[in-house]
Visitor: 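Below: one structure in structure tokens.
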Amino acid sequence: MYEHKEIEKKWQKIWEEKNVFQTQIDKAKEKFYMLVEFPYPSGVGLHVGHARVYTASDVQARFRKAKGYNVLFPMGWDAFGAPAEQYAIKNHIHPKQAVEENIKVFKGQMQSLGLSIDWSREFSTTDPDYYKWTQWQFLKFQEAGLAYKAEKEINWCPTCKTGLSNEDAQGGVCERCGTKTTKKLKNQWMLKMSSYADKLLDGLKDTQFLDKVKNAQINWIGKSIGASVNFPIKDTEDFLEVFTTRPDTLFGVTFMVISPEHPYLKKYENQIENLEEIKADQEEAKAKTEIERTDATKEKTGIQIQGLTALHPITHKEIPIWISDYVLINYGTGAIMAVPAHDDRDYAFAKKFNIPIIEVIEGGDIQKEAYVEDGLHVNSEFLNGLNKEEAIDTMLEYLKENNLGKKTVNYRLQDWIFSRQRFWGEPIPMIHCPSCGWVPVPEKDLPVVLPDVESYEPTETGESPLANIKDWVNVPCPKCHAPAQRETDTMPNWAGSSWYWLRYTDPKNDQQLASEECLKYWGQVDLYDGGMEHATRHLLYARFWNIFLHEQGLVPYSEPFLKRISHGMILGPNGEKMSKSKGNVVNPNDMIREYGADALRTYEMFIGDYSKDAAWNENGLKGCRKFLTRVWNLQEKVIESNENTKSIENILHKTIKKVTEDIENLDYNTAVSALMILLNEMEKQPTITTKDYRILLLLLNPFAPHVTEELNERNHLGDLLCVSAWPMYEEAKMQDETYTMVVQVNGKVRGKISVLTDTKEEEMEKLAKEIPNVQNFIEGKTIVKVIVVPQKLVNIVVK
RNA sequence: GCCUGGAUGGCGAAAUUGGUAGACGCAAGGGACUUAAAAUCCCUCGGAAGUCAAAUUCCGUGCCGGUUCAAGUCCGGCUCUAGGCACCA
């Protein structure tokens, strides 16, 4: 009887006691670094979706190990940040304690899945031994001038009472709690990520990320090439600088628009005649949420600034300046030149406020809509008659020569807002001294450890809860020893996950973030599995961080991840995302208890294309359990022999090849299917040999590691499977003596015949024409052509 | 609106990159074993026509067209759908 409970417990214990999955550097072997995104240990435990991802990674790790690689397959915990803090507040416990409890649950569940993780490398981002190095690396950014403090209008979540990066506030809602975000001016630590935009783009060439992942990153970075143009402001020495991707349309400019946050509104306050009206508008813009402001479908609003007028840089005509919130302060220069004839938004704005529209490119009907296509330029002096590309080049040349502007590149990517007003994060290791300014905490004083406190709830003022802990905040300045104060903001929870894969290579090192030897040997991650939701933010932060460390000579590789794949989600049985409120949550614990981890693993690999979402179906799981039971029952047919059974030798070798290639290509579903086919064939045999059986078990082992080990042991087939080599296939044994030759007439199948594999083309054609049903279709017709594809088919074309 | 993918039986899906569409599994129906059920095993299973049963034929991979001896696969144009970006100048 196949009793999964005892078997699984037994083998998990054996693996642990023998330290089978502990990994050391072994230069004689090629390494394989399998990384899967470490989880955020929440209170609810593992999801069956987690089980899918970890199983797939485990299949990969076990397979590579059997193939002779020295495999690194580590796991840790990403445990800083809002959710742990919220959970702790709700349950009235310290976040540290909450994290410990949750980790215990997660780890227990992972162990019950039988994952071949090297647990000796485990750590949490919240361990002071770990975040010491996160802080240390922040100081490296600071030293390099890449960390700076800036008064920034930031996305503010009124519920979490914290600043959010653009990445955390996508669509104008707080990533964690879903509240609409507002704006708030705050002095924040920033990391100069934007200056790495080109490096982040170029580096993609050295990776094998999925195209959709690469594309998501390219979009996010949002590089656009254009020109900055200076428009003189009438009666001043000043200029209004704009960014445009269409300098060729410069002669079509009929107005300009600046963002409500543009500094000139303050600078020329005294000159502006309708200042009150403008100020009211500014207030309004501030009150609007990001989502309201960026709703492209809504009617444009705007006010013309009286008393402040620009001049066209070439024609010197007067151009009115408007203020409108469709122009964003954090992109380009916060000001645009508007060409209503050839831009949709400018067109809508001009129509609404009756601003003239000048056509400068032929081809459209500017009475009806803005014409954004290419065409010949008109009304454009020296650009007349040129198409878009030529006109852009000519204009850029002209602007440069006349000192009116220049070619410019702009990015959507912004600097990384690195401050959070929270308790549960890595303290930013900086001290503010009244006379020395910001002073880094000396290396010897790291880590700056979070204090043990009673209350870690956010403050009403928006200051971090740490600000209230005077003992902790007040320290002497490291430079002049005068009374000074610690930074009370903490790091975003993206910080800890921006270098964790490096730490796995050398997790206990107390001298360095990881030794050079370990970093060199384990090097880049060979395969990094994670969700599509992390394809932009986490992956960009991590790459930015790694590229920086590489430039500092701290890590040997510029790109951290060689290959990035993304997995699909497991949906509820109804095809919807699993959620408590929908009542469609499947708990992996229940499934393991009832069907066993091996069945669950096999099912989750068989469920469908790994990169795609899949709906849960318990009957499918039952089917996989049945498959394992049949593998179990097959032992009754096993006879002792060092040979393969002749009648299944062919399919055996084909299956080895198929499973090997499928696992390499992450086609887990077809690998399982190939094993089912092999089992079907084996069951048809009166007996199978011990050699046959061991091959089946070896191939199945990555998917169902416990039951295969048990069967291997019970039938005395050889060494533990988890330390045995992957079986090899021989092409010679895969050759078929015959094959089914397909015969078509005019491309339609009219007959099939079994022929010898080495049948010559002429013979194939002759045999094809002899098939009675084929004759029915060619009789009385003229044969125009005969196509013969050796070892496949014959197609007779008749008229 | 722009950038990626995807669409195949009742369901999850396969298909060597142009060569037998639907492997494998689930569900369903029929049968065996059993006092019975569960478990297990065997058979059928895209639709239609045809037949005692077959053979066989026609239709069929989101829609319309094209290339080719041959198209789920390639090309052009749509529709729907998932994900990413989005008043980004």
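Only heavy atoms go into these numbers, but all of them, side chains included; no hydrogens, no water, no symmetry mates. Naming convention: chains lettered A, B, ... in sequence-line order (proteins, then strands); numbering from 1 in each chain. Since the structure is predicted, the reported quantities are computational estimates derived from the model, not experimental observations.
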Visitor: Mind calculating the distance between CZ (A:R52) and P (B:rG12) to the nearest angstrom?
Guide: 14 Å
Visitor: Which one, B:rU4, B:rC24, B:rG12, comes nearest to the side chain of A:N215?
Guide: B:rU4
Visitor: Is the shortest side-chain heavy-atom distance between A:K214 and A:T207 below 4.5 Å?
Guide: yes
Visitor: Side chains of A:Y610 and A:N665: any donor to acceptor distance under 3.5 Å?
Guide: no
Visitor: What's the closest nucleotide to the side chain of A:K626 if the choices are B:rA23, B:rG84, B:rU40?
Guide: B:rU40
Visitor: Identify the nucleotide, in any strand shown, that forms a Watson-Crick or G-U wobble pair with B:rU35, with both distances under 3.5 Å; if there is none, say none.
Guide: none
Visitor: Does any N or O in the side chain of A:N669 come within less than 3.5 Å of the main-chain N or O of A:I607, such that one atom is a donor and the other an acceptor?
Guide: no
Visitor: Among B:rA86, B:rC69, B:rU16, which nucleotide has an atom closest to any side-chain atom of A:K792?
Guide: B:rU16
Visitor: Of all the nucleotides listed (B:rU56, B:rA14, B:rC69), which has the minimum atom distance to the side chain of A:D609?
Guide: B:rA14
Visitor: Taking atom NZ as the centre, does A:K407 end up with more than 12 heavy-atom neighbours from other residues, nucleotides or ligands that are less than 6.0 angstrom away?
Guide: no
Visitor: If pairing requires Watson-Crick or G-U wobble contacts with both distances under 3.5 Å, which nucleotide is the partner of B:rU56?
Guide: B:rA49
Visitor: Among the candidates B:rC24, B:rU57, B:rC26, find the nucleotide nearest to the side-chain atoms of A:N773.
Guide: B:rU57
Visitor: Report which part of the nucleic acid A:N633 touches: base, sugar-phosphate, or nothing (heavy-atom distance under 4.0 Å, all strands).
Guide: nothing
Visitor: Which part of the nucleic acid does A:K212 contact within heavy-atom distance under 4.0 Å: base, sugar-phosphate only, or nothing?
Guide: sugar-phosphate
Visitor: With syn defined as a glycosidic angle within 90° of 0 and anti as the rest, where does B:rG66 land?
Guide: anti
Visitor: Send over the distance from A:R345 CZ to B:rA86 C1', rounded to a whole Å.
Guide: 10 Å
Visitor: May I ask which nucleotide in the shown strands pairs with B:rG5, Watson-Crick or G-U wobble, both distances under 3.5 Å?
Guide: B:rU81
Visitor: Within the 4.0 Å heavy-atom criterion, would you say A:G623 contacts the bases, only the backbone, or no part of the nucleic acid?
Guide: sugar-phosphate
Visitor: What's the gap between B:rC3 and B:rG18 when it is taken at their P atoms, as a whole Å value?
Guide: 26 Å
Visitor: Does A:K748 make a side-chain N or O approach to OP1 or OP2 of B:rC59 shorter than 4.0 Å?
Guide: yes
Visitor: Using the C1' atom on both, measure B:rA21 against B:rA7 and round to a whole Å.
Guide: 16 Å
Visitor: Using whole Å, what does the distance between atom C1' of nucleotide B:rA13 and atom CD1 of A:I677 come to?
Guide: 13 Å
Visitor: Nearest to the side chain of A:M676 - B:rC24, B:rU57, B:rC87?
Guide: B:rC24
Visitor: Contact class for A:A216 (heavy atom, under 4.0 Å): base, sugar-phosphate, or nothing?
Guide: sugar-phosphate
Visitor: Report the nucleotide, chosen from B:rA23, B:rG12, B:rC85, that has the shortest atom-to-atom distance to any side-chain atom of A:F606.
Guide: B:rG12
Visitor: Describe the nucleic acid contact of A:I607 in one word from base, sugar-phosphate, nothing, applying a heavy-atom distance below 4.0 Å.
Guide: sugar-phosphate
Visitor: What I want to check is whether the side chains of A:N680 and A:R630 have a donor and an acceptor closer together than 3.5 Å.
Guide: yes
Visitor: We want to know whether A:S224 and A:N410 form a side-chain donor-acceptor pair, criterion being a heavy-atom distance below 3.5 angstrom.
Guide: no
Visitor: Would one find a side-chain N or O of A:K785 under 4.0 angstrom from OP1 or OP2 of B:rC69?
Guide: yes
Visitor: Does the side chain of A:K637 come within less than 4.5 Å of A:M682's, by heavy atoms?
Guide: no
Visitor: Which sits closer to the 5' end of RNA chain B, A:N795 or A:R750, going by the nucleotide each is nearest to?
Guide: A:R750
Visitor: How far does the C1' atom of B:rC33 sit from the matching atom of B:rU40, given to the nearest Å?
Guide: 9 Å
Visitor: Given B:rA23, B:rC88, B:rG19, identify the nucleotide with an atom nearest to the side chain of A:S673.
Guide: B:rA23
Visitor: Nearest-Å distance, CD1 (A:I651) to C1' (B:rA23)?
Guide: 11 Å
Visitor: Would you measure the distance from the P atom in B:rA38 across to the matching atom in B:rA32 and give it in whole Å?
Guide: 15 Å
Visitor: Answer yes or no for A:R625 and A:Y595: cation-pi contact, defined as NZ/CZ to six-membered ring centre under 6.0 Å and angle to ring axis within 45°.
Guide: no
Visitor: For B:rU73, what is the paired nucleotide under Watson-Crick or G-U wobble rules, both distances under 3.5 Å?
Guide: none
Visitor: B:rG22 and B:rG12: how far apart are their C1' atoms, nearest whole angstrom?
Guide: 13 Å
Visitor: B:rC2 P sits how many Å from A:I218 CD1, rounded?
Guide: 18 Å
Visitor: Where the side chain of A:W220 is defined as all heavy atoms beyond and including C-beta, which of B:rU20, B:rC26, B:rC85 is the nearest nucleotide?
Guide: B:rC85
Visitor: Answer yes or no: does atom NZ of A:K5 have more than 12 heavy-atom neighbours from other residues, nucleotides or ligands under 6.0 Å?
Guide: no
Visitor: Determine which nucleotide pairs with B:rG10, using a 3.5 Å limit on both distances of a Watson-Crick or G-U wobble pair.
Guide: B:rC26
Visitor: Any N or O donor-acceptor pair linking the side chain of A:Q217 to the base of B:rG84 at under 3.5 Å?
Guide: no
Visitor: Expressed as a whole number of angstroms, how long is the span from A:N619:CG to B:rA27:P?
Guide: 4 Å
Visitor: Between B:rA70 and B:rU20, how far is it from one P atom to the other, in whole Å?
Guide: 15 Å
Visitor: Counting only side-chain nitrogens and oxygens, does A:T670 get under 4.0 Å of the OP1 or OP2 atom of B:rC24?
Guide: no
Visitor: What distance do A:H377 atom NE2 and A:L250 atom CG have between them, rounded to the nearest 0.5 Å?
Guide: 10.5 Å
Visitor: Toward the 5' end of RNA chain B, which comes first, A:V672 or A:F777, by nearest nucleotide?
Guide: A:V672
Visitor: Does B:rG83 have OP1 or OP2 under 4.0 Å away from a side-chain N or O of A:N219?
Guide: no
Visitor: Which value, in whole Å, describes the distance between the P atoms of nucleotides B:rG72 and B:rG66?
Guide: 15 Å
Visitor: Is the distance from OP1 or OP2 of B:rA14 to the nearest side-chain N or O of A:N669 less than 4.0 Å?
Guide: yes
Visitor: Output the rounded distance in Å from CG (A:N410) to C1' (B:rC87).
Guide: 15 Å
Visitor: Nearest of B:rU20, B:rC41, B:rC85 to any side-chain atom of A:R630?
Guide: B:rC41
Visitor: Could you tell me which nucleotide pairs with B:rA15 by Watson-Crick or G-U wobble geometry, both distances under 3.5 Å, or answer none if nothing does?
Guide: none
Visitor: Please give the distance between the P atoms of B:rG31 and B:rU81 as a whole number of Å.
Guide: 44 Å
Visitor: Calculate the interatomic distance between A:L210 atom CG and B:rU4 atom C1'; express it in whole Å.
Guide: 11 Å
Visitor: Which base, if any, makes a Watson-Crick or G-U wobble pair with B:rU61, both distances under 3.5 Å?
Guide: none
